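Computed from a prediction, not measured in an experiment: that's the story for all the values here.
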Amino acid sequence: MIQLKCRHIDETHALGMRLGECLQPGMVCTLTGDLGVGKTTFTKGIGAGLGINRTINSPTFTIVKQYQGRCPFIHIDAYRMENVEEDLGFDEYFYGEYVTVVEWPEMIQDQLPKERLDITILHLSDHVRTFLFAPKGKQYERICEGLKG
């Protein structure tokens, strides 16, 4: 696990962008953190790192949004998925040609791939955030090593 601190919203976006530049099709990242902690700002940075020019916003009411950059990018907000039992076809996103970010992953824990990058964002003060990166799999470990530099 690695821990990185961002002291401003611009640093949060920049960290997301650095991660996005490293991600490849078939990779999945989960984002855990309280409401307002910066999950969407971080995701916008990931999108910028993937070369997406469109505005990225939270898919809270639509659950899934898709964007096109250097590869397809899927943004899932699973907040409203608690107690949903049926298979919603997330496997297509998790094991396909997409880079996928899942907010509120605890709501669909059983459907997540075994290998992924789990990211927890902790709110320390107005603009200060701590990011905890927990890689699950060698490819994610390499990405985390790169983010430390």
Side-chain angles (χ1 to χ4, degrees), residues 2 4-6 8-123 126-137 139-144 146-147:
I2 68 165
L4 298 172
K5 193 172 285 189
C6 291
H8 192 275
I9 192 169
D10 293 340
E11 288 182 15
T12 296
H13 186 273
L15 179 59
M17 190 169 172
R18 283 181 37 218
L19 175 60
E21 290 169 348
C22 300
L23 296 173
Q24 299 298 318
M27 292 187 157
V28 176
C29 298
T30 67
L31 295 179
T32 301
D34 293 336
L35 287 170
V37 77
K39 293 184 297 292
T40 301
T41 298
F42 187 70
T43 301
K44 289 178 181 184
I46 292 171
L50 290 168
I52 295 167
N53 297 319
R54 287 181 43 206
T55 300
I56 294 175
N57 49 35
S58 182
T60 301
F61 296 103
T62 57
I63 300 171
V64 176
K65 287 195 175 180
Q66 181 172 342
Y67 303 91
Q68 185 60 51
R70 65 176 161 79
C71 64
F73 176 51
I74 299 295
H75 184 194
I76 299 172
D77 185 329
Y79 184 74
R80 300 188 184 289
M81 302 304 301
E82 188 172 25
N83 300 321
V84 173
E85 303 276 330
E86 69 263 11
D87 180 2
L88 298 173
F90 290 142
D91 284 358
E92 176 185 344
Y93 303 134
F94 298 152
Y95 301 103
E97 61 187 71
Y98 308 95
V99 166
T100 305
V101 169
V102 180
E103 293 186 34
W104 303 99
E106 61 274 16
M107 301 300 181
I108 59 169
Q109 190 69 39
D110 294 343
Q111 297 178 50
L112 294 171
K114 193 171 168 178
E115 290 197 9
R116 62 184 188 264
L117 179 56
D118 291 337
I119 304 163
T120 301
I121 308 172
L122 303 172
H123 177 247
D126 282 349
H127 296 290
V128 180
R129 306 291 189 260
T130 294
F131 287 77
L132 304 174
F133 292 83
K136 297 184 189 251
Q139 62 185 347
Y140 298 104
E141 289 173 11
R142 284 190 295 275
I143 287 173
C144 287
L147 288 175

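- Between R116 atom CZ and Q139 atom CD the span is 13.0 Å, to the nearest 0.5 Å.
- Of the inter-residue distances, the one linking H75 atom NE2 with I52 atom CD1 reads 10.5 Å to the nearest 0.5 angstrom.
- Applying the salt bridge (charged side-chain N to carboxylate O under 4.0 Å, His left out) criterion to E115, with sequence neighbours excluded, gives no partner residue.
- Considering only residues two or more places apart in sequence or on other chains, C22 meets the side-chain contact (heavy atoms from CB on, under 4.5 Å) condition with I143.
- Counting heavy atoms from C-beta outward, L19 and L117 have side chains that approach closer than 4.5 Å.
- Looking at heavy atoms from C-beta onward, H8 lies out of side-chain contact with H13 at the 4.5 angstrom threshold.
- The CG atom of D10 lies 12.5 Å from the CG atom of L15; values are rounded to the nearest 0.5 Å.
- Counting only heavy atoms from C-beta outward, the side chains of Y67 and L50 never approach each other to under 4.5 Å.
- Under the side-chain contact (heavy atoms from CB on, under 4.5 Å) criterion, E21 pairs with M17, sequence neighbours left out.
- Between V102 and F94, the closest side-chain pair of non-hydrogen atoms falls below 4.5 Å.
- Among pairs with a residue in residues 19-39, none fulfils ring-ring contact (aromatic ring centres under 6.0 Å, His included), at least two apart in sequence or across chains.
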If you look only at distance, which donor and acceptor atoms sit under 3.5 Å apart when one is on a side chain in residues 28-44 and the other is two or more places apart or in another chain?
{"from": "T30", "atom 1": "OG1", "to": "D118", "atom 2": "OD1", "distance (Å)": "2.6"}
{"from": "K39", "atom 1": "NZ", "to": "G33", "atom 2": "O", "distance (Å)": "2.9"}
{"from": "K39", "atom 1": "NZ", "to": "D34", "atom 2": "O", "distance (Å)": "3.0"}
{"from": "T43", "atom 1": "OG1", "to": "K39", "atom 2": "O", "distance (Å)": "2.8"}

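- Listed by chain and residue number, P72, I74, Y98 satisfy the side-chain contact (heavy atoms from CB on, under 4.5 Å) test with Q66 (two or more places apart in sequence, or in another chain).
- Considering every non-hydrogen atom in both C144 and I2, the closest pair reads O-CD1, 3.3 Å.
- Smallest separation of non-hydrogen atoms from K5 and E11: O-OE1, 4.1 Å.
- Looking at residues two or more places apart in sequence or on another chain, you find no ring-ring contact (aromatic ring centres under 6.0 Å, His included) involving H123.
- For Y140, the ring-ring contact (aromatic ring centres under 6.0 Å, His included) criterion is met by no residue, not counting sequence neighbours.
- Here the straight-line distance linking atom CG of D91 with atom CD of Q111 works out to 7.5 Å at 0.5 Å rounding.
- You'll find the side chain of L147 stays beyond 4.5 Å of the side chain of F131, heavy atoms only.
- Between P135 and E141, the closest heavy-atom pair is CB-N, 3.6 Å.
- When side chains are defined from C-beta on, R54 does not count as touching Q68, because their heavy atoms never get closer than 4.5 Å.
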